There are 2 protein chains.
Amino acid sequence: MMKIGELSKVTGCSVQTIRHYEKEHLIASAERSEGNFRLYDEAAVEQLLFIKQCRSLDLSLPEIRQLLALNRSPGAQCDDVNRMMDKHIEQVEARIQELTKLNEQLGMLRRSCSNRRTVEQCGILRNLSATPASSG
Amino acid sequence: MMKIGELSKVTGCSVQTIRHYEKEHLIASAERSEGNFRLYDEAAVEQLLFIKQCRSLDLSLPEIRQLLALNRSPGAQCDDVNRMMDKHIEQVEARIQELTKLNEQLGMLRRSCSNRRTVEQCGILRNLSATPASSG
DNA sequence: ATAAACTCTATAGCAACTATAGAGTCAATC
DNA sequence: GATTGACTCTATAGTTGCTATAGAGTTTAT
């Protein structure tokens, strides 16, 4: 059994984040020592590493909670896992497209100005101040 | 002079957002009617449209606050504008790269599973549970 | 006068953490 | 045993840019 600081070291999750995950019901409430310190076993390590892996994939806490629940039903179909992953991939791809488009807009805006101008002559600020053209 | 609801209609900013911007000092505190209703002129419309344009470019409120301040010094050099824009572009590009990499990882993970499997056999969950290989 | 629409301020919530305060516990050292 | 520093605890607040709601006041039209 290890205390929270040790678990933090082993998993790379901060003490506060571990407590947060407990509060958010991603991990079970820990057993306590006589002094009321949380005590963790090897299963907690594995669970936290799982959570950390999911977070690195930008999965949300509710999504991770769901995956953890599915993981507790080994005989169940994993359709839900696939479905979640598909949806998540879609969302990431959509965000990439948004940002790519934004990047183009920013590039155009940036090219409307160069250094050694005054604010009055600044192409960026002028474009930001212009009412957008009626795009049909 | 118009009331906040009218300003909201004209600019497409919600009433609550307008009040929020006032509280965050993006726009000046409005004059008030006898009944304590906020009163706005045409300059407020322009300012809100400017803010809205900046938000559509994902500029943060502090960044927009800065641009608004620069806009009030027409004779000043617009170097800061360019610098901010450059930095913002970098950040967007970095985020695109992150997400692109994430998308690849998600794709690989997704291909490790297909439908009609149990949780126990699920390639996604297995990979999520595996300790990452020591990548040097 | 009434009722509906509008406006106001204050507060809380969202997501996933992160920090801090004040108090308690533990372990090592003297 | 006393002391001290490290660790742990709970509670609360903050971050960002909104968004919603409650309860109360104002305005407008009938």
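Values below: every heavy atom of this structure, side chains too, minus hydrogens, waters and symmetry copies. Note that the structure is a prediction, hence the values are computed from the model and not measured. In the text below, chain A, chain B and the rest are named by the order of the sequence lines, each starting its count at 1.
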Does a nitrogen or oxygen in the side chain of [X] sit under 4.0 Å from OP1 or OP2 of [N]?
| X | N | answer |
| --- | --- | --- |
| B/Y21 | D/dG17 | no |
| A/T17 | C/dT18 | yes |
| A/R38 | D/dT8 | no |

Query raised in the report: Which comes earlier along DNA chain C counting from the 5' end, the contact point of A/S60 or that of B/N36, where each point is its nearest nucleotide?
Result: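 Counting from the 5' end, the first nearest nucleotide belongs to B/N36.
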Rounded to the nearest angstrom, tell me the gap between atom [atom1] in [X] and atom [atom2] in [N].
| X | N | atom1 | atom2 | value |
| --- | --- | --- | --- | --- |
| B/K9 | C/dA5 | NZ | C1' | 10 Å |
| A/R32 | C/dC26 | CZ | P | 13 Å |
| B/K23 | C/dA12 | NZ | C1' | 11 Å |
| B/R55 | D/dG17 | CZ | P | 6 Å |
| B/Q16 | C/dA12 | CD | C1' | 13 Å |
| A/I18 | C/dT18 | CD1 | C1' | 14 Å |
| B/E22 | C/dA10 | CD | P | 12 Å |
| B/M1 | C/dT7 | CE | P | 15 Å |

Query raised in the report: Which nucleotide in the list C/dT18, C/dC6, D/dC18 gets nearest to the side chain of B/F37?
Result: C/dC6
Query raised in the report: Of all the choices, D/dT28, D/dG17, C/dT9, which nucleotide is nearest to the side chain of B/P62 once you look at every atom?
Result: D/dG17
Query - Stepwise side chain to side chain donor-acceptor pair (under 3.5 Å) test for B/S60 and B/E63 - result: CA-CA 5 Å; B/S60 67; B/E63 282 169 333; 3.2 Å; yes
Query raised in the report: Going from CG on A/L59 to CD on A/Q66, what distance comes out if it is rounded to the nearest 0.5 angstrom?
Result: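 Reported value, rounded in 0.5 Å steps: 10.5 Å.
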Query raised in the report: When all nucleic acid strands are considered with a 4.0 Å heavy-atom cut-off, which category describes A/R19: base, sugar-phosphate, or nothing?
Result: base
Report task. Decide whether A/Q97 and A/T100 meet the rule of one side-chain donor and one side-chain acceptor closer than 3.5 Å. Result -> no
Query raised in the report: Where the side chain of B/S73 meets the backbone of B/G75, is there a donor-acceptor pair that is under 3.5 Å apart?
Result: no
Report summary line: Between A/Y40 and B/H20, whichever has its closest DNA chain D nucleotide further toward 5' is A/Y40
Query raised in the report: Shortest non-hydrogen contact from B/C78 to A/S114?
Result: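 Looking at all heavy atoms of both residues, the closest pair is SG-O, 4.1 Å.
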